[in-house]
> 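Dropping a structure here in structure tokens format, bear with me for questions.
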Amino acid sequence: MCEDVHHPIGPNRRGLFVTGAAAAITLGTVSFASGAERRTPAGGGKPGSTETRTVRGTLPTGSPDFVYLPVEVPDGVREFRASYTYEKPSVPPGTQGNALDIGVFDERGTELGGKGFRGWSGGARTEFFIRADEATPGYIPGRIREGTWYIALGPYTVAPEGLPYEVTITLTYGAPGKTPKPSYPPERAKGRGRAWYRGDCHLHSVHSDGRRTPAEIAALARAAGLDFINSSEHNTHSAHAHWADLAGDDLLIMLGEEVTTRNGHVVALGVDPGTFIDWRYRARDNRFGRYARKVRDAGGLVVPAHPHATCVGCNWKFGFGDADVIEAWNGAYTPDDEIALADWDSRLVASVRGGRPWIPAMGNSDAHRDPDRVGGPQTVVLADDLTREAIQDGIRRGRSYVAESKAVELAFSAAGGRGRHAGIGGRLDVGRDDPVTVRLDVKGAPGCTVRFVTDQGVLHTSPALPETGTGTVEWRTTASYAAYVRAEVRHAPVTPGLPGPLTAFTNPVFLGR
């Protein structure tokens, strides 16, 4: 059976509401009342029977961030399935076209916090299903309980002529089946004790808008020389239960989410298994701090991702007061990474001059599909062991550098009188005018140059390294001249007069008391 319902944004909408998040509209309810008429004395519809409803409507420009379509789900449903289409008209250059995301919440509702969250695929797929035993990637398996479910539509962008859409919901009746108990990867791998470990903490699989399976990502991570990775799907934790068999003594797999708001993206790095972080708010709603605390309460780090990216909704608008780390290099090095690096450096200057805590930087691949390189770039962390806690501690303290590949190795330190020395993320305790020697040992960077960057700017640039890619660069300074020093290794310039693309960079060493 198939019935059509027309739901324009207009007289048929239920209402506009604001819950401390972005405004949303709830449409009129889609009913499956005939399911009750066909129930057997044992309860539920006839096993294997299906019912379908199709809803059509048009979203105008200026639509709220979320449009909820309530669906009355009767008892005895085995599978909830939905598909959708929408028109994509041609638009003039510089004008936004149509893009519509989709997800679903169950009978527990759509309130912020996500108690009713059952899955999100954004614009990555056109249909999904949920059963007790299985679900489409991006969605959470579990029983289809009786009550009002909500299809969540997210008009990402809307063309001037509006966004006509069609949603089809199909319910299948029958015994619910059993939900398997989820299994999660261990929080420890066989490490090398206190050592430098390589990782990539921003990766996408088929559980959001990636094209690789978790197994393919794990294989590519090992090939890239990585010791750890972090699962970071857009607005869903559905992948968490699919990594256990892929971890091993040689690969620590941490769990997270890329919380993808309309005012920027943030990687929740290394949260407890099964943690979901809501994304349905903007900077003006003053809600980000609440969810940053939820990330930390779940044992994770808050990492604003690609803060100066130019895609719609990607540019970071929440400020950095709740950030643990900043992703200053995301994927292939591009001008927005150069801006992110410069902006991070300006924050270092403000922190040392204002006596405030500093925020470390990291780099990740944000790999989605071929030819995206897993581990390009990668963050190399000094940690006491290969465990979630130790890796996070090293990242949080800035004991790390970022390299374009496993071929690049750095050793960076500062030394002063009386045998004092400090490494990346540390502080060299010296007087203002005590002589300090800064040293960088480089491997795997043929033809690259080294720059030492301080709160006064770039104060030393080396000649090009030899074709072996190996070299040592030293520079002498004082704490009165440089409150911190960090190192950059760069390829030859592509544009004359501008610095070349990054090969690697370090977090700073601080000088003084």
Side-chain angles (χ1 to χ4, degrees), residues 196-204 217 220-221 224-232 254 256 258 264-270 301-309 314 316 320 323-348 358-368 372-383 391-392 394-412 424-425 440 442-445 448 450-451 453 486-491 499-508:
W196 292 93
Y197 296 98
R198 295 175 177 266
D200 188 347
C201 295
H202 189 165
L203 296 160
H204 296 280
I217 291 173
L220 290 169
L226 301 184
D227 301 294
F228 65 91
I229 60 174
N230 178 70
S231 171
S232 57
M254 297 187 289
E258 184 175 3
H265 304 183
V266 60
V267 172
L269 195 167
L301 300 180
V302 177
V303 187
H306 45 66
H308 292 276
C314 294
W316 187 251
F320 295 93
D324 294 309
V325 193
I326 295 173
E327 188 185 69
W329 184 356
N330 174 277
Y333 199 73
T334 55
D336 64 274
D337 295 302
E338 190 71 35
I339 295 169
L341 187 69
D343 185 55
W344 169 67
D345 188 72
S346 295
R347 295 182 187 282
L348 289 178
W358 67 289
I359 304 174
M362 71 182 308
N364 301 299
S365 72
D366 198 3
H368 285 68
D372 298 350
R373 283 195 307 117
V374 172
Q378 53 194 246
T379 299
V380 190
V381 183
L382 179 61
I391 292 295
Q392 288 176 314
I395 294 172
R396 185 188 298 108
R397 293 174 181 269
R399 298 193 304 241
S400 63
Y401 65 89
V402 180
E404 66 180 2
S405 74
K406 65 180 179 180
V408 180
E409 296 182 27
L410 303 183
F412 183 55
I424 299 172
L440 180 71
V442 186
K443 293 181 180 179
C448 294
V450 172
R451 308 200 312 174
V453 186
R486 61 180 184 83
E488 295 179 356
V489 184
R490 289 182 177 261
H491 292 283
L502 273 180
T503 305
F505 76 90
T506 73
N507 276 296

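These numbers come from a predicted model, not from an experiment.
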> Distance from E488 atom CD to L410 atom CG, nearest 0.5 Å?
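Nearest 0.5 Å value for the CD-CG distance: 11.5 Å.
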> Atom CG in L220, atom CD1 in I229: separation rounded to 0.5 Å?
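One finds 10.0 Å between CG of L220 and CD1 of I229.
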> Using a 4.5 Å cut-off on heavy atoms from C-beta on, say whether the side chain of P307 contacts that of I326.
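When only atoms from C-beta onward are counted, P307 and I326 do touch, with a gap below 4.5 Å.
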> Closest approach of D200 and G376, non-hydrogen atoms and distance?
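Distance-wise, the nearest heavy atoms are OD2-N, 4.4 Å.
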> So, do L203 and S365 sit near enough that their side-chain heavy atoms are less than 4.5 Å apart?
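Yes. Closest side-chain heavy atoms under 4.5 Å.
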> To the nearest 0.5 Å, tell me how far E258 CD sits from E327 CD.
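Output value for this atom pair is 8.0 Å.
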> With sequence neighbours left out, write down each residue that passes ring pair (Phe, Tyr, Trp, His ring centres under 6.0 Å) with F505, or none if nothing qualifies.
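By the ring pair (Phe, Tyr, Trp, His ring centres under 6.0 Å) rule, F505 matches W344.
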> Kindly say whether L269 contributes a backbone atom to a donor-acceptor pair with the side chain of Q392 at under 3.5 angstrom?
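Confirmed, Q392 side chain pairs with L269 backbone.
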> Could you tell me whether the side chain of L348 reaches within less than 4.5 Å of the side chain of R486, counting heavy atoms only?
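Yes, close enough: below the 4.5 Å cut-off.
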> Would you compute the distance between atom CD of E404 and atom CH2 of W329 and round it to the nearest 0.5 angstrom?
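The CD atom of E404 sits 5.5 Å away from the CH2 atom of W329.
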> About how many Å separate CG of D324 and CE of M362, when rounded to the nearest 0.5 Å?
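Nearest 0.5 Å value for the CE-CG distance: 11.0 Å.
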> Could you tell me which non-hydrogen atom of G398 sits nearest to which non-hydrogen atom of I424, and how far apart they are?
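The pair with the smallest heavy-atom distance is O-CG2, 3.4 Å.
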> State, to 0.1 Å, how close A445 and T503 come at their nearest heavy-atom pair, and which atoms those are.
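Between these two residues, the closest heavy atoms are CB-CG2, 4.2 Å.
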> Taking all non-hydrogen atoms of both residues, which atom of P508 and which atom of W358 are closest, and how far apart?
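Looking at all heavy atoms of both residues, the closest pair is CD-CZ3, 3.6 Å.
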> Looking only at heavy atoms, which two atoms of C314 and A309 are closest? And how far apart?
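The pair with the smallest heavy-atom distance is CB-CB, 3.8 Å.
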> Is there a donor-acceptor contact under 3.5 Å from the side chain of H204 to the main chain of S232?
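Between the backbone of S232 and the side chain of H204 there is a qualifying donor-acceptor contact (under 3.5 Å).
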> Which pair of heavy atoms, one from F228 and one from T379, lies closest together, and at what distance?
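In terms of heavy atoms, the two residues are closest at CZ-O, 4.0 Å.
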> Looking at side-chain heavy atoms only, is the closest gap between W196 and D227 below 4.5 Å?
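No, every pair of side-chain atoms sits at 4.5 Å or beyond.
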> A487: which residues meet the side chain to side chain contact (heavy atoms under 4.5 Å, CB included) condition with it, sequence neighbours left out?
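Side chain to side chain contact (heavy atoms under 4.5 Å, CB included) list for A487, sorted by chain: F412, L440, F452, T506.
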> Could you walk me through whether Q378 and R373 pass side-chain contact (heavy atoms from CB on, under 4.5 Å), step by step?
CA-CA 10 Å; Q378 53 194 246; R373 283 195 307 117; 5.9 Å; no
> Could you check V489 against V408 for side-chain contact (heavy atoms from CB on, under 4.5 Å), going step by step and ending with a plain yes or no?
CA-CA 10 Å; V489 184; V408 180; 6.0 Å; no
> Roughly how far, to the nearest 0.5 Å, is CG of N364 from NE2 of H306?
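These two atoms lie 10.0 Å from each other.
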> With a 4.5 Å cut-off on side-chain heavy atoms, are D372 and D366 touching?
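Answer no - side chains too far apart.
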> Could you tell me whether the side chain of N507 and the main chain of S400 form a donor-acceptor pair under 3.5 Å?
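Checked: pair present.
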> Heavy-atom count check: over 12 atoms from other residues, nucleotides or ligands less than 6.0 Å from R347 CZ?
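More than 12 heavy atoms, drawn from other residues, nucleotides or ligands, come within 6.0 Å of this atom.
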> Any chance you could lay out the side-chain contact (heavy atoms from CB on, under 4.5 Å) test for F320 and D343, step after step, and finish with the verdict?
CA-CA 11 Å; F320 295 93; D343 185 55; 4.1 Å; yes
> Does C201 offer a backbone N or O that forms a donor-acceptor pair with the side chain of N230 under 3.5 Å?
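Checked: pair present.
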> For the residue pair R396 and P360, establish whether any side-chain heavy-atom pair is separated by less than 4.5 Å.
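No, too far: nothing below the 4.5 Å cut-off.
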> List for me each residue that meets side chain to side chain contact (heavy atoms under 4.5 Å, CB included) alongside T334, sequence neighbours excluded, and say none if there are none.
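For T334, the residues satisfying side chain to side chain contact (heavy atoms under 4.5 Å, CB included) (neighbours in sequence not counted) are D336, D337.
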> For a side-chain contact (heavy atoms from CB on, under 4.5 Å) check, start with the C-alpha distance between R490 and C448, then their side-chain angles and the critical distance, and finish with the verdict.
CA-CA 5 Å; R490 289 182 177 261; C448 294; 5.9 Å; no
